Number of protein chains: 2
Amino acid sequence: MSGIPSAGPQPADLWPEVQPDAARRLMLAGVESFAQRGYHATTTRDIAATAGMSPAALYVHFPSKAALLFAISRSGHEQVLSLTQQAVAEAEDPAAAIRDLVERFTAWHARRHTIARVVQYELEALPEQEYAVVASLRRDIERLVRDVVERGVAAGLFTVGDPHTAARAVLSLGVDVARWYTDRTRLGPEELAREYGELVLRMLGATTGDGA
Amino acid sequence: MSGIPSAGPQPADLWPEVQPDAARRLMLAGVESFAQRGYHATTTRDIAATAGMSPAALYVHFPSKAALLFAISRSGHEQVLSLTQQAVAEAEDPAAAIRDLVERFTAWHARRHTIARVVQYELEALPEQEYAVVASLRRDIERLVRDVVERGVAAGLFTVGDPHTAARAVLSLGVDVARWYTDRTRLGPEELAREYGELVLRMLGATTGDGA
DNA sequence: CAGCAGTGTAAGCGAGCGCTCAGCGCGGAT
DNA sequence: ATCCGCGCTGAGCGCTCGCTTACACTGCTG
């Protein structure tokens, strides 16, 4: 998969750009802990221990436990937004855009289910200002999907009663993957993604079935 | 606050059978607090204050904060299971069963979105033994849905690649309603439910479209 | 009237929380 | 050789947490 030795379910190449190596290890440890127990049930001692440091080391790199969550959450949301934008930009028509979007969105939530869990389910633990930043990113993602669905309906490619609700359903399907997907799930991220792409296109009443 | 029957978003008739009135008020307060802030971020003082009592009063009716969560979670899961069973029992064929099931499941998660949030997203805060009880209820629900989808495929009513994944998707759609639905959502629970029923039948490639 | 079970409270205990701070080791520049 | 500053630690502060205890009030029973 990755090319670098690695081993274990933890994606080692997640934030290659995050500078002091210890800061990256803390983010990794934070993701692991927040995903497993939730933000509020995780102690700074948990995170530090997972990262192999003393509790005080966290505060050398992050001003607070909440700031660590924010770094993880913002980065994750930016990844999802960018992946969504790419799908829409590269597709030739709304149907292809939706298929590509759902496939990438689903595969990301399955492959990165640990981060995805934090991104999707721990955002309400963020302080007000930080919450506003990720809420804005989330609105961007939602608007993007809604626009594609509406363009598809306008072009006569989709037949749905309420485009707004249909767009919600499309995102719901992908988001919820983060809740139930584990490393032991029978289908791999790409297989699941392809399956979900099919399901969503049918759900939207896409006239184009398969084709190239 | 209450006293008078209903008014407000809080369903006053939720647990009419729960015996000492104060115990029911504590469960109501727990639901409200757990849904808003999450189990771990909620203090026993929060719950008591919302219920209009002193912190110690909680321990007159429940042996622990976790026991209160369990009472809420088990009751919610039992409601969902029973509503799912009814839909399957009363339907004439798998297509009608799925439509009815999705409609009831979705409407419940929308109308009771506060409890649904606790039921779907706070179960991992339960102690091991209590978790096992609700996990068993959840497996029952999943098996029920999977069986209906498989019967539909066997009868040639549905066309899906992988019934197991399709069943997951059906439940996902409904569960995720608890995450995003609010009292300010444009569509009411029943409207949303009907829309979702349509979407799911199309997603499963149901040959029967509408009809009575 | 006494006795008692059921329901509630004020006060506070021990533990663990997020976070701080004085200081230490070590690599690189002087 | 010395010094500086970054990365990190051990110790611990102040606070809030879940929960307990001792006690009070109410209404029912004999």
Side-chain angles (χ1 to χ4, degrees), chain A residues 15 17-34 36-73 118 122-131, chain B residues 1-3 15 17-73 118 122-131:
Chain A
W15 294 291
E17 81 288 1
V18 173
Q19 240 320 307
D21 179 77
R24 214 186 69 251
R25 267 160 53 221
L26 282 165
M27 286 177 71
L28 250 11
V31 165
E32 209 65 28
S33 305
F34 294 156
Q36 197 165 103
R37 285 179 286 272
Y39 175 80
H40 291 292
T42 298
T43 71
T44 54
R45 286 160 180 85
D46 286 337
I47 300 165
T50 304
M53 312 179 189
S54 86
L58 196 155
Y59 296 89
V60 174
H61 301 284
F62 298 92
S64 69
K65 180 183 156 192
L68 174 61
L69 173 63
F70 180 53
I72 293 164
S73 191
V118 179
E122 301 297 329
L123 66 154
E124 305 203 355
L126 288 166
E128 204 168 351
Q129 277 197 8
E130 286 83 352
Y131 179 85
Chain B
M1 279 260 169
S2 59
W15 293 290
E17 82 287 3
V18 173
Q19 238 321 305
D21 179 77
R24 216 186 66 250
R25 269 159 52 220
L26 281 166
M27 286 177 72
L28 250 11
V31 164
E32 208 66 26
S33 305
F34 295 156
Q36 197 166 101
R37 286 180 285 272
Y39 175 80
H40 291 293
T42 298
T43 71
T44 53
R45 286 159 180 86
D46 286 336
I47 299 164
T50 303
M53 313 179 188
S54 85
L58 196 156
Y59 296 90
V60 174
H61 301 282
F62 298 92
S64 68
K65 180 184 155 191
L68 175 61
L69 173 63
F70 180 53
I72 293 165
S73 191
V118 178
E122 302 297 329
L123 66 154
E124 305 203 355
L126 288 166
E128 204 168 351
Q129 277 197 7
E130 287 82 353
Y131 179 86

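Bear in mind that the values here come from a model prediction, so they are computed numbers and not experimental data. Here is the naming used below: chain letters follow the sequence lines, and residue numbers restart at 1 for every chain.
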### Task
Test the B:K65-B:Y39 pair against the cation-pi criterion, namely NZ or CZ under 6.0 angstrom from the six-membered ring centroid and within 45° of the ring axis.
yes
### Task
Using heavy atoms and a sub-4.0 Å distance, could you list which residues of residues 48-62 of chain B are near DNA chain D? By number, please.
B:A56, B:Y59
### Query
When you measure from the side chain of B:S33 to the backbone N and O of B:A29, does any donor-acceptor pair fall under 3.5 Å?
yes
### Message
Quick check against the 3.5 Å criterion: does A:R45 have a side-chain atom that pairs as donor or acceptor with the backbone of A:P55?
### Response
no
Which heavy atom of [X] sits nearest to which heavy atom of [Y], and what is that distance?
X: B:V31; Y: B:V118; value: O-CG2, 3.7 Å
X: A:L26; Y: A:L58; value: CD1-CA, 3.9 Å
X: B:F62; Y: B:A71; value: CE2-CB, 4.0 Å

### Task
Using heavy atoms and a sub-4.0 Å distance, could you list which residues of residues 34-47 of chain B are near DNA chain C? By number, please.
B:R45
### Query
Counting only heavy atoms not in B:Y131, do more than 12 fall under 6.0 Å of its OH?
no
### Task
In whole angstrom, give the distance that lies between atom NZ of B:K65 and atom P of D:dT20.
14 Å
[X]: which residues meet the side chain to side chain contact (heavy atoms under 4.5 Å, CB included) condition with it, sequence neighbours left out?
X: A:F70; answer: A:R74, A:L126, A:E130, A:V133, A:V134
X: B:H40; answer: A:H40, A:A41, B:A125
X: B:A56; answer: B:S54
X: A:A49; answer: none

### Task
Give the angle between the helix axes at the two ends of the helix from C:dC1-D:dG30 to C:dT30-D:dA1, taking five base pairs at each end and rounding to 10°.
20°
### Task
Quick one: list whatever passes salt bridge (charged side-chain N to carboxylate O under 4.0 Å, His left out) with A:R37, sequence neighbours left out.
A:D46
### Summary
Under a 4.0 Å heavy-atom criterion, DNA chain C is touched by chain A from C:dC17 to C:dC21
